[in-house]
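Structure, as structure tokens:
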Amino acid sequence: MSSRSTSPKTTSSTFIQTVNGGHVLKRKWYTEDTFARREQISPDLDISLGGFEEYLREEMGLQVRAMPPFRRVRYDIQCESMITGHPAASSSTTVRSLPHRT
């Protein structure tokens, strides 16, 4: 779910399902697509699966355009020194995969 405000800044809103059946709302504000973004997390929301757009419109006053669902894929990368054989770097990267079709 993506939402766009009428200001020059863009907002993105993501609902993440929790283990107890509720949702967490993660909102981000940015002027361009960068890693540094203002972020706000609203935990423990009780919203039905069909109520995300209505919640963003009615409760938060946002203009909403739903995006397709997707899965995140995590890649763990480990490197070692060719000279010593010792670990030289370790990195964990999460990237957005192609949209998940249900």
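Worth knowing before you read on, the calculation uses all heavy atoms, side chains too, and leaves out hydrogens, waters and symmetry mates.
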Drop me the distance from [X]'s [atom1] to [Y]'s [atom2], to the nearest 0.5 angstrom.
X     : Y     : atom1 : atom2 : result
Gln40 : Lys28 : CD    : NZ    : 13.0 Å
Asp44 : Leu25 : CG    : CG    : 12.0 Å
Ser48 : Tyr55 : OG    : OH    : 12.5 Å
Thr31 : Arg38 : OG1   : CZ    : 13.0 Å
Arg27 : Glu39 : CZ    : CD    : 11.5 Å
Arg37 : Ser12 : CZ    : OG    : 6.5 Å

Where Glu53 and Val64 come nearest, the two heavy atoms and their spacing: CG-CG1, 3.9 Å
Which atom pair, heavy atoms only, marks the closest approach of Gln17 to His23? CA-CD2, 3.6 Å
Check: Val24 and Phe15 side chains under 4.5 Å, non-hydrogen atoms: no
Does atom CG of Asp46 have more than 12 heavy-atom neighbours from other groups under 6.0 Å away? no
